[in-house]
Protein chains: 2
Amino acid sequence: MTDTRWLDEHEQRTWRGFLGLQRQLIGQLNRQLQVDSGLSLADYDVLVQLTDTPEGRLRPFELQTELQWEQSRLSHHLTRMQRRGLIDREECADDGRGAFVVLTDAGRSAITAAAPGHVDTVRRLFFDRLTPQQLATLQQVSDQVLGSD
Amino acid sequence: MTDTRWLDEHEQRTWRGFLGLQRQLIGQLNRQLQVDSGLSLADYDVLVQLTDTPEGRLRPFELQTELQWEQSRLSHHLTRMQRRGLIDREECADDGRGAFVVLTDAGRSAITAAAPGHVDTVRRLFFDRLTPQQLATLQQVSDQVLGSD
DNA sequence: CCGGTGTGGATGACACATCATCTACACCGA
DNA sequence: TCGGTGTAGATGATGTGTCATCCACACCGG
């Protein structure tokens, strides 16, 4: 570790901008969901995955790969969602270690009620403010930063 | 609220990509800081602000406008940082309600030790993977999304 | 001088995320 | 069939973020 190449003024602005952007966006989305539907962004993501399956049921590890969450975060979050009646856990016959997460009726109506408002908000705060070129660049950026890992 | 314009496949990819990008990046930065210096990204940001002043002291509300944090988050975070000896609180003579946050010696050495590794990581994970054009676009994007509020 | 309103800041309760660790079962090779 | 290793998942501790609320003082008009 020789001399550090510090960020110049412009780089700092870009970096702070990016951090601010994400915090602001996530914050507003969370608030909108919370106020309008009593859900968090995390709840929403879980429910979307479950809704995307025909039976509304998934193994936790499948959810985990879809969501790219840490295993323990998922487990804790499922516990909280179960306590609120949004999902339920069932035993898995095939694999004695495993479990199933199933969407409850309450969970299904929660996501159904929440989705339109959430999508509108995403459009309003994000897509509507950006040009197709900018969106294309963002896509590239995500791929490049995430891809090389 | 008429019919919802759902996100098409491509928009979903862009949106998920953005969310994934920010989570991944913030996560790795936090881990690097934590492991190498015992600091969080939030600690780092507070310490940077304090270091940027000649006396290493700021009023909490000044910190708040710099960091764009919620007041209560700041207050809680300062409490935790004080408990760890990174900062200290002092009374403010001018304003009976107010307080000062002052950088301790431990705080100063922590940020000094942490900065090079952190900046290197930001470069490695972010700047080094993006072209100047992409960075310029990101800058625009932040401004547009944040600006119109 | 006094009451109302505004502002600086702290606090408790609670949801969330991460780490370390643990249990139970599956799977595989000797 | 038995022991080791890997995998599915839960849990406790702790740090973090948000909301609602509160207190103390400042400031301002009467």
Side-chain angles (χ1 to χ4, degrees), chain A residues 19 22-35 37-46 57-84 86-102, chain B residues 19 22-35 37-46 57-84 86-102:
Chain A
L19 292 179
Q22 71 82 0
R23 206 189 39 212
Q24 169 92 353
L25 221 41
I26 305 267
Q28 291 195 232
L29 289 171
N30 257 312
R31 254 183 296 277
Q32 179 271 327
L33 266 177
Q34 187 62 49
V35 169
S37 325
L39 295 179
S40 67
L41 207 45
D43 298 332
Y44 188 90
D45 288 342
V46 169
R57 44 195 289 129
L58 280 174
R59 298 286 301 271
F61 78 93
E62 295 174 303
L63 260 161
Q64 195 189 333
T65 40
E66 290 298 329
L67 296 171
Q68 296 270 70
W69 284 8
E70 274 192 38
Q71 183 271 319
S72 131
R73 174 186 178 186
L74 178 61
S75 187
H76 281 297
H77 204 90
L78 291 176
T79 301
R80 290 189 295 262
M81 291 181 73
Q82 183 176 24
R83 199 190 313 139
R84 290 189 291 149
L86 297 169
I87 58 149
D88 218 338
R89 294 194 221 231
E90 286 179 9
E91 292 199 357
C92 175
D94 299 1
D95 188 333
R97 299 163 295 183
F100 271 108
V101 182
V102 298
Chain B
L19 292 179
Q22 70 82 1
R23 207 191 37 213
Q24 170 92 357
L25 221 42
I26 305 267
Q28 291 194 233
L29 288 171
N30 256 312
R31 254 183 296 279
Q32 180 270 326
L33 266 177
Q34 186 62 51
V35 169
S37 325
L39 295 178
S40 67
L41 207 42
D43 299 331
Y44 188 90
D45 288 342
V46 170
R57 45 196 288 129
L58 280 173
R59 299 286 301 271
F61 77 93
E62 295 174 304
L63 260 163
Q64 195 189 332
T65 41
E66 290 298 329
L67 296 170
Q68 296 269 71
W69 284 8
E70 275 193 35
Q71 184 271 321
S72 128
R73 174 187 179 187
L74 178 61
S75 186
H76 280 299
H77 204 88
L78 291 177
T79 301
R80 292 189 292 260
M81 290 180 74
Q82 184 176 22
R83 198 190 313 139
R84 291 191 289 146
L86 296 169
I87 58 147
D88 218 338
R89 294 194 220 232
E90 285 180 9
E91 292 198 357
C92 174
D94 299 359
D95 187 334
R97 301 163 295 182
F100 272 108
V101 182
V102 298

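These values consider heavy atoms only, across backbone and side chains, with no hydrogens, waters or symmetry-generated copies. Lettering of chains follows the sequences in order, A, B, ..., and the numbering in each one begins at 1.
- Using modelled atom types and a 3.5 Å distance limit, the side chains of R73(B) and H76(B) yield no donor-acceptor pair.
- Rounded to whole Å, the distance from CD on Q32(B) to C1' on dT18(C) is 17 Å.
- In this structure, the separation between CZ on R89(B) and OG1 on T79(B) is 4.0 Å, given to the nearest 0.5 Å.
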Any chance you could lay out the side chain to side chain contact (heavy atoms under 4.5 Å, CB included) test for L29(B) and Y44(B), step after step, and finish with the verdict? CA-CA 11 Å; L29(B) 288 171; Y44(B) 188 90; over 6 Å; no
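- The CD-P distance, from Q28(A) to dG17(D), rounds to 18 Å in whole Å.
- In this structure, R84(B) reaches neither bases nor backbone, as no heavy-atom distance under 4.0 Å exists between it and the strands shown.
- For the pair H77(A) and D94(A), both in contact range of DNA chain C, the more 5′-proximal nearest nucleotide belongs to H77(A).
- Here the P atom of nucleotide dT18(C) and the CG atom of L33(B) are 15 Å apart, to the nearest Å.
- Interface residues of residues 37-46 of chain B facing DNA chain D, ordered by number: S40(B); criterion, heavy-atom separation under 4.0 Å.
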Under the side chain to side chain contact (heavy atoms under 4.5 Å, CB included) criterion, do R59(A) and D95(A) qualify, and how do the steps go? CA-CA 10 Å; R59(A) 298 286 301 271; D95(A) 188 333; 3.9 Å; yes
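- Considering every non-hydrogen atom in both L41(A) and N30(A), the closest pair reads N-OD1, 3.0 Å.
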After noting the C-alpha distance and the side-chain angles of R84(A) and D43(A), does the key distance pass the side chain to side chain contact (heavy atoms under 4.5 Å, CB included) rule? CA-CA 11 Å; R84(A) 290 189 291 149; D43(A) 298 332; 2.7 Å; yes
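- Residues Q32(B) and Q28(B) bring no donor and acceptor atom of their side chains to less than 3.5 Å of each other.
- Across all strands shown, R31(B) has heavy atoms under 4.0 Å from sugar-phosphate atoms exclusively, and none from any base.
- Between the side chain of R73(A) and the base of dT18(C), no donor-acceptor pair of N or O atoms lies under 3.5 Å.
- For E70(A), the listed nucleotide lying nearest its side chain is dT18(C); candidates were dT7(C), dC16(C), dT18(C).
- The side chain of R59(A) lies closest to dG9(D), out of dG9(D), dA26(D), dG12(C).
- Side-chain N/O atoms of R89(B) include none lying less than 4.0 angstrom from OP1 or OP2 on dG9(C).
- In the interface, the side chain of Q71(A) is not paired with the base of dA8(D) through any donor and acceptor atom under 3.5 Å apart.
- As rounded to whole Å, 15 Å separates atom P of dG15(D) from atom CD of Q82(B).
- Remark: P of dT14(D) and CG of N30(B) are 19 Å apart, rounded to the nearest angstrom.
- Note that CZ of R31(A) is 10.5 Å distant from CD of Q34(A), once rounded to the nearest 0.5 Å.
- If Q34(A) and F100(B) are placed on DNA chain C by their nearest nucleotide, the residue sitting closer to the 5' end is F100(B).
- In this structure, of dG15(D), dA10(C), dA8(D), it is dG15(D) that holds the atom nearest to the side chain of R80(B).
- Straight-line distance from the CH2 atom of W69(A) to the P atom of dT18(C): 10 Å, rounded to whole Å.
- Look at H76(A) and the base of dT11(D); the rings stack, centres closer than 5.5 Å and planes less than 30° apart.
- Atom-to-atom, CZ of R23(B) to P of dC16(C) comes out at 15 Å; the value is rounded to the nearest Å.
- Counting to the nearest Å, the P atom of dG17(D) and the CG atom of L74(B) are 11 Å from each other.
- Backbone-only contact: D95(A) has heavy atoms under 4.0 Å from sugar-phosphate atoms and none from a base.
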